[in-house]
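The structure under discussion appears below in the form of structure tokens.
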Amino acid sequence: MQSLPAPRLVATDLDGTALRADGTVSPRTAAAFAKVEEAGAMLVFVTGRPPRWMSGVASATRHRGLAICANGALIYDLHTERIVESRLITPEVLAEVVAQLRANVPELAFSVEYEGGFAHESDFPLGGWDSKAVGGLRVGAGTLTSQPCAKLLALHPDMDPDSLHATVHDLVGHLVTATHSSGRGLIEMSAHGVTKATALAVLAERHEIKPAQVVAFGDMPNDLPMLSWAGKSYAVANAHPDVLAAVDHVTAANNEDGVARVLEDLFGRTPYR
């Protein structure tokens, strides 16, 4: 017997929320995701990741669901692994944002996510997958801002991310929507008004799903708009303090399959290994 009414749409962040700390989908979580779609509900991954970082997730979940990538800028079909919709920052706005930020916070280094790849300035340190990726171009600022992009990233070597976010918002918040999702001074900027929530709301409306029929999971400030919009919101126990203060419920940490535990209550549990 289910303890809670099942939602029509499940929206979950990935890194720090549904994924383990090593970036993997646990067998328990994969089984819970499968149960969502078997029940006829929509499964939507809502992430700051670009599509080029989604192949592992797509494989681990057997290509289930849709993904809202780059904090709402790109809609990515995991069944086909193709971008199906985009809302991009124009080159004119991109150039103005970089110029204003550089004039006021000269320590910043920039990179951009395009629909089909990424580029970075020479002093932007790459980490994780990007340090090994093929196709990440090292370019000057003029080239960096010469084409539309899904996300602009600004990295400060030592500034607190909450303080840096406030500074960036004050300087260019009228041009782009800024957020952050890590413990370092890395700010992620989307086209003005684009958030995880705006993309999720459009998707839900197309399927005649109301916010009250949505359950959402997150862990970082870039999840806050989505968590505020959804009818029921959960933070994992390892979430940012602002997220823990904003949600309806708190579940176990990402390394303890917190998202899967809630989904098992909502949709039932199946054996996994």
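The residues of the chain are indexed from 1 along the displayed sequence. Everything numeric here is computed off the predicted structure, so don't read it as measured data.
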Is it the case that the side chain of Tyr76 and the backbone of Glu81 share a donor-acceptor pair, with hydrogens and angles ignored and the cut-off at 3.5 Å?
yes
I'd like to know if Glu264 pairs up with Arg269 as an ion pair, taking the criterion as any Lys NZ or Arg NE/NH1/NH2 lying under 4.0 Å from an Asp or Glu carboxylate oxygen.
yes
CG of Leu244 to OH of Tyr234, rounded to nearest 0.5 Å, is 14.5 Å
Under 30°, 30 to 60°, or over 60°: which ring-plane class applies to His120 and Phe118, parallel, tilted or perpendicular?
parallel
Assigning hydrophobic clusters by single linkage (Ile, Leu, Val, Met, Phe, Trp, Tyr; side-chain heavy-atom cutoff under 4.5 Å), is Met226 placed with Leu66?
yes
Side chain to side chain, Leu101 and Met189, heavy atoms closer than 4.5 Å
yes
Any sub-3.5 Å donor-acceptor pair from Ser233's side-chain atoms to Asp248's backbone N or O?
yes
Side-chain (Asn255) to main-chain (Ala21) donor-acceptor, under 3.5 angstrom
yes
When every non-hydrogen atom of Ser26 is compared with those of Arg20, the smallest separation belongs to CB-NH2, 3.6 Å
Testing the basics here: between Val93 and Ile89, what is the closest heavy-atom pair and its distance to 0.1 Å?
CG1-CG2, 3.8 Å
Quick one: closest heavy-atom pair of Gln213 and Pro7, and the distance?
O-CB, 3.3 Å
Test your reading of the model: is there a side-chain donor-acceptor pair from Arg52 to the backbone of Glu113, 3.5 Å cut-off?
no
Membership question, hydrophobic clusters at under 4.5 Å side-chain separation (ILVMFWY): are Val214 and Val10 in the same one?
no
Do side-chain atoms of His240 reach the backbone of Asp242 as a donor and acceptor pair under 3.5 angstrom?
yes
When rounded to the nearest 0.5 Å, the distance separating CD of Glu96 from NE2 of His174 is 5.5 Å
For residues Leu152 and Val176, determine if any side-chain heavy atom of one lies less than 4.5 Å from a side-chain heavy atom of the other.
no
Smallest separation among heavy atoms of Ile187 and Pro161, with atom names
CD1-O, 3.9 Å
Show, in sequence, the C-alpha distance, side-chain angles and deciding distance for Leu171 and Val105, and conclude whether the side chain to side chain contact (heavy atoms under 4.5 Å, CB included) test is met.
CA-CA 10 Å; Leu171 290 170; Val105 193; 4.1 Å; yes
Beyond-backbone contact of Leu94 with Cys149, side-chain heavy atoms, under 4.5 angstrom
yes
Note, Thr177 side chain near Asn71 side chain (heavy atom, < 4.5 Å):
no
Glu38, CD: over 12 other non-hydrogen atoms inside 6.0 angstrom:
yes
Taking Thr198 for its side chain and Val194 for its backbone only, find out whether a donor-acceptor pair lies under 3.5 Å.
no
Tell me if the NE2 atom of His192 is crowded by more than 12 foreign heavy atoms within 6.0 Å.
yes
Stepwise, does the side chain to side chain contact (heavy atoms under 4.5 Å, CB included) test hold for Val57 with Arg49?
CA-CA 11 Å; Val57 174; Arg49 286 187 176 208; 3.9 Å; yes
Shared hydrophobic cluster for Val84 and Leu200 (ILVMFWY, side-chain gaps under 4.5 Å)
yes
Donor-acceptor pair, Arg8 side chain versus Ala204 backbone, under 3.5 Å?
no
Main chain of Ser163, side chain of Asp160: is a donor-acceptor contact present, judged purely on distance under 3.5 Å?
yes
What distance separates Asn222 CG from Ser182 OG, expressed to the nearest 0.5 Å?
9.5 Å
Contact summary for Asp158 and His156, nearest pair of heavy atoms:
OD1-CE1, 3.0 Å
Flag the pair Ile75 / Ile68 as yes when at least one side-chain heavy-atom distance between them is below 4.5 Å, and no otherwise.
yes
Between Val262 and Val250, is there a shared hydrophobic cluster once you connect ILVMFWY residues whose side-chain heavy atoms come closer than 4.5 Å?
no
Test of understanding: with side-chain contact (heavy atoms from CB on, under 4.5 Å), list the residues that count as partners of Arg62, not counting sequence neighbours.
Arg64
Should Met220 and Leu19 be regarded as members of a common hydrophobic cluster, given that ILVMFWY residues are connected when their side-chain heavy atoms come within less than 4.5 Å of each other, either directly or indirectly?
no
Under a 3.5 Å distance rule, please check whether His165 uses its side chain to pair with a backbone N or O of Ala178 as donor and acceptor.
yes
Exactly one of Asp223, Thr47, Thr179 should register a side chain to side chain donor-acceptor pair (under 3.5 Å) with Lys196. Which one does?
Asp223
Going through the checks in order, is the side chain to side chain contact (heavy atoms under 4.5 Å, CB included) test met by Phe45 and Thr61?
CA-CA 11 Å; Phe45 301 124; Thr61 59; 4.0 Å; yes
Residues forming a side-chain contact (heavy atoms from CB on, under 4.5 Å) with Ala197, sequence neighbours excluded
Thr195, Pro225, Trp229
Minimal non-hydrogen separation, Glu188 against Leu153, with atom names:
CG-CD2, 4.1 Å
Inter-residue atom distance Gln100.CD - Leu175.CG, 0.5 Å rounding:
5.5 Å
Can you tell me which residue among Thr12, Asn254, Val236, Leu227 is in a side-chain contact (heavy atoms from CB on, under 4.5 Å) with Phe217?
Thr12
Nearest 0.5 Å, please: how far is OG in Ser181 from CG in Asp219?
8.0 Å
Can you check whether Leu186 reaches Phe124 side chain to side chain, under 4.5 Å on heavy atoms?
yes
Are Lys35 and Leu263 packed together at the side-chain level, in the sense that at least one heavy-atom pair is separated by less than 4.5 angstrom?
no
Lys210 side chain to Gly231 backbone, donor-acceptor under 3.5 Å
no
Set out, in order, the CA-CA distance, both residues' side-chain angles and the distance that settles side chain to side chain contact (heavy atoms under 4.5 Å, CB included) for Met54 and Leu14, then state yes or no.
CA-CA 10 Å; Met54 293 299 294; Leu14 291 174; 3.7 Å; yes
Atom pair CD (Glu256) and OG1 (Thr251), whose distance is rounded to the nearest 0.5 Å:
9.0 Å
Would you say that Pro148 contacts Pro91 through its side chain, given a criterion of any heavy-atom pair below 4.5 Å between the two side chains?
yes
